[in-house]
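Working notes for the structure below.
Chain letters run A, B, ... following the sequence lines, proteins first and then strands; every chain starts at 1. This is a predicted model, so every value here is computed, not measured. Hydrogens, waters and symmetry mates play no part in the numbers below; they use all other heavy atoms, side chains included.
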Amino acid sequence: MAGRDITLQQAASNQLLRLGERAAGARPKLRTAFKSFWWWLRQVSGDAAYENYLQRVGQDRGSGGGICALGSESPVSEEKFYLERLRRQHTGINRCC
Amino acid sequence: MNLAKKGIWFLVAVLGAGALAFIATARGEPINAVWLVAAAACTYAIGYRFYSRFVAYRVLGLDDKRATPAERMEDGRDFVPTNKWVVFGHHFSAIAGPGPLVGPILAAQFGYLPGTLWIVIGGVLGGAVQDFVVLFASVRRDGKSLAQMAREEVSGVAGFTAILGVLSILTIIIAVVGLVVVNALKSSPWGLFTIAMTVPIAFFMGVYMRYMRMGRVIEASVLGVVLVMAAVVSGKYVAESQSMAPHFTYGAVGLAWMLIVYGFAASVIPIWLLLAPRGALSTVVKIGTILLLAGGILAVRPAMLMPPLTRFIDGTGPIFAGKIFPFCFITIACGALSGFHSLISSGTTPKMLSKESQARMVGYGSMLMESFVAVMAMIAACVLKPGIYFAVNSPAGVVGSLPQKAVATISSWGSTYGVTVQDMSAMASKVGEVTLFNRTGGAPSLAVGMAQIFSGSLGGSEVMAIWYHFAIMFEALFILTILDAGTRVGRFMIQDLMGHFWKPLGRTGWYPGIILSSALMVGAWGYFLFQGVMDPLGGINSLWPLFGISNQLLASIALCVCTTVIIKMGKMKYSLVTLGPLLWLIAATMTASFQKIWAPEPALGFLAHARYLAEQIAAGSISPDKIAETQRLMFNDRLDAAVTFVFASLVLVILFESGRNWWLYFSGRKRVVLTEAPVELSRIPA
């Protein structure tokens, strides 16, 4: 009986170990998933719009103005960019019934 | 596809077909709402995997080697190649509006079966195809708008019709959604307080994003949601306070004026202060609530108490008159097939796609999500006892304004519809309202249904009032977003038109022009809103069909453009993909228009109702003090008939123009000129 108990305890601790290993393996995946979601949320909400703009200006300069002709102009301030973006968003139909 | 995948898809098909068959044949005992969810989810999965793939590669020939406008015309502002999940998020939040929630609620008067079948089948074969093909057509044409494509692909007349259609639908949609808000908030201090608080909350968010943390939409939205939730909870104390409640208790006329003032103000004050923060807040609350509702339905698995078919399929419904065909299809609108979506599909979305193949997921997939939201709205309406559903949604002019009279009328329809004054009082008390009788427009019954589902999974019946007012806040919040954004866009369109007559009026920064165009736009929808508010039949009976017809007018234009594009691509044998939904739409729209104008029953036909009122005046049945009001109702009936006639005529014009072109192409008398942008190879890796 005692031998059976020990076997059960071993089985339980082995299972816990396996779960722990799996959880440890899952943690980076969870972190990656959260990071991806956060990146997506910042892109959809517009939080990352100015960063993206600056990045594009830099890329365009690097390519000698070959991407979108943004590199030929000096980057606009964050405030000007924000207001201009809102104006463009609300000039056309951006919401449905 | 390997054998295992084939097996899985076979099981999905069997489950979907089984669920649909069960829903269609179940009689007697109420069925569980999960059957509707299963039928819809399986049909969408099959539709997306197989039908959209067929449309994408056989019909349209999507080609990822071809550069999209986002790549070819990249400017870092409008044209930007964007991750497909980000474009999907943008597109879905743009197309998801109040239409797919309100339409199914109203169509539930026929029972849950016809509406659900149309939402699912119409979504897969009609709405999603329209959104997808318009998006594709715009991507191949440098991101052109629907009106530009109609002009270039069909004719100049078609292009002008599209512009007229957009302006008309904007006017009618703002009026009708305004009416839904008015009916939801009248005599409800809790509801009005919550919604009123969203304005200063939006101001705070606007200031936060402009001056405190530039452009931080997520932070501002989190703060906004917390403040709005605080407003929902504290609304209870405002409603119970003897001193504060009267300041937030208004009738329909007072609320209509408030909306008009709000619409005008939103159109002229800076975007960053009101429109942008409200839009952000509305999007967060909308997506959150939709997810919450989906989770609630799966957690509670409520029974559908509404019968599959009600006695009102014969056209005698109290909420709106008219038989199941065509009015079920006109009423549901956005949940199955919405012309308005084609404006989004040919707006910013085509300028963001980095690969053509993404149009399938973004265009077709987003519409399926929208359709699923409509199924959930249908469930929320049908979990209510039918008697309660009809007591909330029926206008006083049909069932009577006194509670005893209303329940007697509704209960006389049969045992299925039995309801008592006590039932209604208990429900009103549970949701923290004085009364729920005659709360037409769909929003209050949706809120009651949602509150029932939410409280079943979170908090129990003690918090049902909080959930009810949360649901009202959610509906009103994003309806007001349509109202303010729509008024502003309408203002720009009017300024554009006025600029042709006198240049300064067209300048978007010139204040006299801004004020005049805003006043014209607000005056146009305000008139129809007042018409609805003053209507003894509740307004929804006349305005919602007008909205449905105008929305289908836009869908007709979009589907004509899509069919023309497919024919011009030399794929005439596949043109039924868009021609089929178009023919169905024309049949429904023209029948509905004909009946709304000329039907002899006063409850249905505008002209018959005007004649009926004239006869009442002639017979002396109208008291002298009511004669002026009755004459105004007669004028409104004739105006609605004229507007419907114009919409129907525009549908015929666009159909004639398109049909003529199709015949000329078919008979070889007109040379096919494909107006696609020149092919350029993509440098973006697949």
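- Interface residue Ala276(B): backbone and side-chain heavy atoms are both found under 4.5 Å from chain A.
- Highest contact tally toward chain A, considering only Gly347(B), Pro98(B), Ala485(B), Gly89(B), is held by Pro98(B) [criterion: heavy-atom pairs under 4.5 Å].
- With a 4.5 Å cut-off on non-hydrogen atoms, Phe88(B) does not touch chain A at all.
- Ser517(B) meets the side-chain hydrogen bond (donor to acceptor under 3.5 Å, both in side chains) test with no other residue; sequence neighbours excluded.
- Contact annotation for Phe492(B): only side-chain heavy atoms (C-beta onward) come within less than 4.5 Å of a heavy atom of chain A.
- Tyr50(A) places a side-chain heavy atom less than 4.5 Å from the side chain of Leu54(A).
- Neither the backbone nor the side chain of Met493(B) comes within less than 4.5 Å of any heavy atom of chain A.
- In this structure, the portion of Ser338(B) lying under 4.5 Å from any heavy atom of chain A is its side chain and not its backbone.
- With sequence neighbours excluded, the residues satisfying side-chain contact (heavy atoms from CB on, under 4.5 Å) with Arg210(B) are Glu79(A), Leu83(A), Trp272(B).
- For Ser267(B), the side-chain hydrogen bond (donor to acceptor under 3.5 Å, both in side chains) test picks out Ser518(B), with sequence neighbours left out.
- Heavy-atom pairs under 4.5 Å with chain A peak, among Ile95(B), Val166(B), Ile479(B), at Ile95(B).
- If you measure heavy-atom distances from Tyr82(A) to chain B, the contacts under 4.5 Å come from the side chain alone.
- When the candidates Ile169(B), Ile174(B), Ile218(B), Val102(B) are compared by the number of heavy-atom contacts under 4.5 Å with chain A, Ile218(B) comes out ahead.
- Using a 4.5 Å cut-off between heavy atoms, Arg216(B) touches chain A through backbone and side chain atoms alike.
- Note that the CZ atom of Arg88(A) and the CG atom of Asp78(B) stand 5.0 Å from one another [nearest 0.5 Å].
- For the set Val177(B), Leu343(B), Asn83(B), the entry with the most heavy-atom pairs within less than 4.5 Å of chain A is Asn83(B).
- Most heavy-atom pairs under 4.5 Å with chain A: of the set Ile344(B), Ile173(B), Asn551(B), Val176(B), this distinction falls to Ile344(B).
- Using a 4.5 Å cut-off between non-hydrogen atoms, the part of residues 38-46 of chain A that approaches chain B consists of Trp38(A), Trp39(A), Trp40(A), Leu41(A), Arg42(A), Gln43(A), Val44(A), Ser45(A), Gly46(A).
- Your options are Arg491(B), Arg488(B), His341(B), Met209(B), and the one with the most heavy-atom pairs under 4.5 Å with chain A is Met209(B).
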When you look at Arg77(B) and Glu84(A), which way does the salt bridge (charged side-chain N to carboxylate O under 4.0 Å, His left out) test go after all the steps? CA-CA 9 Å; Arg77(B) 293 186 175 90; Glu84(A) 174 60 18; 5.7 Å; no

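- Using a 4.5 Å heavy-atom threshold, the side chains of Leu477(B) and Arg278(B) count as touching.
- Side-chain contact check for Met205(B) versus Leu281(B): some heavy-atom pair is nearer than 4.5 Å.
- In this structure, Tyr53(A) and Val76(A) have side chains that are in contact, with non-hydrogen atoms separated by less than 4.5 Å.
- With a 4.5 angstrom heavy-atom cutoff, Leu275(B) touches chain A via backbone and side-chain atoms both.
- For the 3.5 Å distance criterion, the side chains of Thr349(B) and His91(B) qualify, holding a donor opposite an acceptor.
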